[in-house]
There are 2 protein chains.
Amino acid sequence: MVTIADVARHAGVSSSTVSYVLSGKRAISEETRNRVQISVRELGYHPNAGARALAARRSHIVALMVPLRTDVYVPVMMEIAISVTMAARQHGYDVLLITNDEGPDGVKRIAASGLADGVILMDVEMDDERIPVLQAQRTEAALIGLPQDTSGLSCVDHDFAAAGALCADHLADLGHREIAFIGYGSGVYHRHAGYAERTLTGFRERAEQRGLRFLHRSCEGTYESTAGTLARILADRPDTTGFVVQNEGAVGPLLTLLRTSGRTVPEDVSVIALCQDQLAEQFAPRLTAVTGSAQELGRVAVEQIMRRLTAAAAGDRPVDDRVLLTPVLTIRDSTGPAPRQQS
Amino acid sequence: MVTIADVARHAGVSSSTVSYVLSGKRAISEETRNRVQISVRELGYHPNAGARALAARRSHIVALMVPLRTDVYVPVMMEIAISVTMAARQHGYDVLLITNDEGPDGVKRIAASGLADGVILMDVEMDDERIPVLQAQRTEAALIGLPQDTSGLSCVDHDFAAAGALCADHLADLGHREIAFIGYGSGVYHRHAGYAERTLTGFRERAEQRGLRFLHRSCEGTYESTAGTLARILADRPDTTGFVVQNEGAVGPLLTLLRTSGRTVPEDVSVIALCQDQLAEQFAPRLTAVTGSAQELGRVAVEQIMRRLTAAAAGDRPVDDRVLLTPVLTIRDSTGPAPRQQS
DNA sequence: TGTCACCGTCGAAACGCTTCGCTGCTAGCT
DNA sequence: AGCTAGCAGCGAAGCGTTTCGACGGTGACA
């Protein structure tokens, strides 16, 4: 193993000088700096992470706590995890993966042991029990998702309300008047998952403004469940011509079922999805969809936590920071003008 | 911050005693041990990770290198990442997430800095350039996937050849004679991804033994691509009655296309998928599928690396270890007896 | 020409933990 | 009785960094 002392000897300087070259925290002459950098490269020196963390009281690690629940579309989680990792690397940080089943104790463990300098929490609930622990430990954190009370916290999320509104607007613009909103399984609403509620609220408010009649139905995302949901919708509101779908699993079945029931998309009914573009592209017809970038979510969370970390180092009080990412509507082949009224 | 010295003072012992209580590496009297444990709990002591790593030359971290490529079904990657994390925790280890874009240098960095005690590599290629780096750094590793040369390495993977064979057997048992194998996009075969080739080989050999005629076609997994692939298959071999699908994205489109073309599953044609059970359950009809447990993959990889770590600590030479997980066939509603010959 | 400030470098003191070797004990043998 | 062995606990020496204070040297300024 090659240590800083080896580099120092090789370059003919003291080890503190090597350290200063590497950190840039003191002025070092051009010449010395070059000599040191060459030695570093030649010896293949990488500072020992443990020693560094101990001396600097900084581990250069952020923890990312991922949910085990799978009602959130899994590829999105992965995309966030990866974008967090890559963004963190850009700041010289690594990412520690921890699972939600460790709960608040996990946060405590990581923070108290100094394993990570900060924590990014995914799938934050309205009243998340990990937040008080975080604050008690004086650990920097960034939340992906919005809790009830965001004071003193950094949060980032999609603007689900805007996404819901966008759906309502698009369908209203096309002349649809009778809309069905196919949402997540009822469990998601029962635990008051913020994203589900905010989407629905955003949709509802805009729908009312635009004079749409609408129906919200939860759906587990399996074929059978979708079939049942669709049947009920068509029984209650046979004139429905627009569908908004927020459950990734229900999209495929819905399209199949509509076709089987003799309805053509988009001539007879329009379907707009709240899902990733990649998924929307996979169906036939390609789906009009409202999306937000999962990558961006991860990147912003990392920026937030880095800002808090540097603020904390400077002794500043970090300000609240609440970012909502604007969703984008991409019009594809699954939405079209409402058919002429026949009833 | 509470240190080991605080605990020692609180319990009225020396800090080395506290350390021995915690590590169990020396005998400590029942009474002292209790006193120390109580102090630990009361003070909420968590050993400082950096100091521990420095002194013990063990970080208690394993790195997990995930691929950025998304031609592998993403939820499976996530499932592996999570099972690795949970299994590692059971051994007192945490997991550091690193992305494949760091490449061999990333492995070098992690190993040389002592950030992680071992590395788990996902999506290992036949001739992976990270492997020599690993060996040069004398870092313990476990591979998920099989490289060309496995000597001196620990690897685990699904037995894709057996999975392919299982598909051939099942269809042969049902009396099908003309089979089409719909695989991954051509890029996957061009880079000689082990899993794709092994599945195909396993399928081919068994198919030949059982006297099946078959066709292999690659497919990108989009709707259009699947449509094109299916059209070509039916043009070349109109009597095809069995489909094996290894591309998650192609499953939905295939079912839709078969229906549109007037073929009923499973009366007219049988479809067997190589995909997760969860996915297989989502379609109508529910798919007969051959699966391996992604969770198990992660768990085994962690066991392997832990074994290597303890062996290395004891100064033993770790033996090669090559585990192939047996796939399971679950018969559902998409396969049935071959229709009577009509031609 | 003396004083001051700054620059570039060095030495040494932490940082919090593990672990080796030592010291009194008590107990079990010869 | 004398010796060894093992138990329980302590003290101190690292582990490899970072960072603070100090120290010559140099140039600017009075």
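Every chain is numbered from 1, with letters handed out A, B, ... down the list of sequences.
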Working to the nearest 0.5 Å, report the span between CD of Q304(B) and SG of C155(B).
7.0 Å
Rounded to the nearest 0.5 Å, what separates atom CE in M126(B) from atom CG in D128(B)?
11.5 Å
Does atom CG of D320(A) have more than 12 heavy-atom neighbours, drawn from other residues, nucleotides or ligands, at distances under 6.0 Å?
yes
Spacing of [X] atom [atom1] relative to [N] atom [atom2], expressed in whole Å:
| X | N | atom1 | atom2 | value |
| --- | --- | --- | --- | --- |
| R57(B) | dT19(C) | CZ | P | 11 Å |
| Y20(A) | dA12(C) | OH | C1' | 12 Å |
| L54(A) | dT19(D) | CG | C1' | 13 Å |
| N48(A) | dG14(D) | CG | P | 18 Å |
| R52(B) | dG16(D) | CZ | P | 18 Å |
| I28(B) | dT19(C) | CD1 | P | 13 Å |
| I4(B) | dA12(D) | CD1 | P | 16 Å |
| H60(B) | dT18(C) | NE2 | P | 8 Å |

Students often get this wrong, so: under 4.0 angstrom with heavy atoms, is S19(A) touching a base, only sugar-phosphate, or nothing?
base
So, OP1 or OP2 of [N]: does either fall under 4.0 Å of a side-chain N or O from [X]?
| X | N | value |
| --- | --- | --- |
| R58(B) | dT18(C) | no |
| S16(B) | dT19(C) | no |
| K25(A) | dT18(D) | no |

Counting side-chain heavy atoms from C-beta on, which of dG11(C), dT18(C), dT17(D) comes nearest to S14(A)?
dG11(C)
Look at the side chain of S29(A) and decide which nucleotide, out of dG11(C), dG8(C), dG9(D), has an atom nearest to it.
dG8(C)
If each of T32(B) and A51(B) is mapped to the nucleotide of DNA chain D with the nearest heavy atom, which maps nearer the 5' terminus, i.e. the 5' end?
T32(B)
Comparing nearest nucleotides in DNA chain D, the 5'-proximal residue of the pair T17(A), M1(A) is M1(A)
In plain terms, say whether D6(A) and R9(A) are close enough for a salt bridge, that is, a side-chain N and a carboxylate O under 4.0 Å apart.
yes
In plain terms, say whether R299(B) and E303(B) are close enough for a salt bridge, that is, a side-chain N and a carboxylate O under 4.0 Å apart.
no
Check whether the side chain of R26(A) and the base of dT19(D) form a donor-acceptor pair under 3.5 Å.
no
